[in-house]
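Numbering starts at 1 and runs along the sequence shown.
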Amino acid sequence: MSENDTIAVIIAAYNAEKTITRAVESVVNDKFVNQVIVVDDCSTDNTMQVLTCLNAKFSKVSIFSTEVNSGPGKARNIALSRATSKWVTVLDSDDYIETGRYEKLLAYSEGEDLIADDKFRINETDPLARKTKMLGDRQDFPAIISLSDFIESNITKKGEFRKELGFIKPIIKRQFLEKYNLSYQENMRLGEDYEFYCRCLILGAKLKLIEASGYVAIVRENSLSGNHSKTDLIHLRDCDYALAKIKSLSSQERKLLLRHAKSINMKIQWICFYSSIKNKRYKTTIKSITNSFSAFIFILKNLRTQFFIRVVKRRLNK
């Protein structure tokens with residue numbers, strides 16, 4: 001193994017006392033991994049105590065912490081600033097890596113800046129722990145992913161499978177990040193990976209996607225990516241608006257960013273509408289309905305769904 005093959009695995013941890021050991025131990029003995037950098041984001045459980053034990057047990061493991069709970073972006077930036085390896089990659093604290101994944105990714109690294117793979121998923125409530133693939137046969141491998149491909153994969157389309165490439169966890173050439181002084185947006189707690197990869201691709205990074213090679217994501221009901229506050233969604237929508245202002249974009253890339261922003265804005269207006277009705281703030285209700293035609297249609301569809309759930313199903317179950 002040469003110095004050019006070394007990988008720093010960065011992990012942001014918050015209240016991960018039950019899973020962080022599995023995450024760290026899944027990568028620490030990999031021959032290509034020479035750094036495991038874990039940043040505790042002011043956990044309120046015993047995560048830091050567990051990390052202290054792991055730090056004492058494994059020389060590759062280094063631990064840091066944020067001063068206040070700040071979200072994954074801040075924690076990852078702290079880890080990135082400590083990385084010295086040729087490649088860096090993110091591992092979520094409740095996920096784990098199967099043996100051989102990094103070797104498979106590095107086999108495709110020639111001329112690439114980011115190499116990612118399809119992800120395995122396991123529902124934490126499944127007693128059989130059955131693995132499914134995020135993409136599977138819906139995607140051809142290996143594939144070069146353009147900025148347009150990437151953005152479009154995160155846009156919901158009626159009757160079509162959404163690939164959601166914003167969830168990939170590539171190995172990334174650290175030299176590329178340093179060249180452009182790239183870091184995560186620290187105000188984002190949702191979609192921070194999506195925004196980060198978009199900026200990489202806008203700056204000319206080459207992204208290759210290969211078949212599932214061993215990243216195992218645990219699907220949890222209370223995960224951050226599955227629970228969206230209005231503030232989180234606003235930051236995600238506004239990152240699209242900011243990216244769309246970059247002059248080097250093609251007209252197609254800009255349109256796709258604005259389409260993604262539009263899809264997020266509809267969810268924001270639904271939250272505003274629903275909460276305003278509940279709290280009797282009817283001016284906000286009107287603003288939500290009149291925000292845009294797409295938001296108006298989205299609200300009507302959600303109202304129909306809520307009516308069916310609350311009225312029709314209740315009567316059928318009597």
Restricting to pairs with a member in residues 49-59, which pass salt bridge (Lys or Arg N to Asp or Glu O under 4.0 Å), not counting sequence neighbours? E25-K57
Could you note down all residue pairs passing salt bridge (Lys or Arg N to Asp or Glu O under 4.0 Å) where residues 147-168 supplies at least one of them, sequence neighbours left out? E152-K157, R162-E164
How would you list, by chain and number, every residue that makes a salt bridge (charged side-chain N to carboxylate O under 4.0 Å, His left out) with D95, sequence neighbours excluded? none
What residues form a side-chain hydrogen bond (donor to acceptor under 3.5 Å, both in side chains) with [X], not counting sequence neighbours?
X    : result
D126 : R130
D30  : none
K173 : none
S292 : S294

Which atom of L51 lies closest to which atom of V38, heavy atoms considered: CD2-CG1, 3.5 Å
Minimum-distance pair of heavy atoms, taken over all atoms of P72 and E192: CG-OE2, 3.6 Å
Pairs in or reaching into residues 7-23: which pass side-chain hydrogen bond (donor to acceptor under 3.5 Å, both in side chains), with residues at least two apart or in two chains? N15-T44, E17-N46
Sequence neighbours excluded, which residues qualify as ring pair (Phe, Tyr, Trp, His ring centres under 6.0 Å) partners of [X]?
X    : result
F196 : Y184
Y180 : F176
F141 : none

Sequence neighbours left out, cut at 3.5 Å: what donor-acceptor pairs do the side chains of residues 300-308 make with other protein atoms?
| unit_1 | atom_1 | unit_2 | atom_2 | d |
| --- | --- | --- | --- | --- |
| N302 | ND2 | F298 | O | 3.4 |
| T305 | OG1 | K301 | O | 3.0 |
| Q306 | OE1 | R310 | NE | 3.1 |

Establish, yes or no, whether a centroid distance under 6.0 Å links the rings of F167 and Y194. no
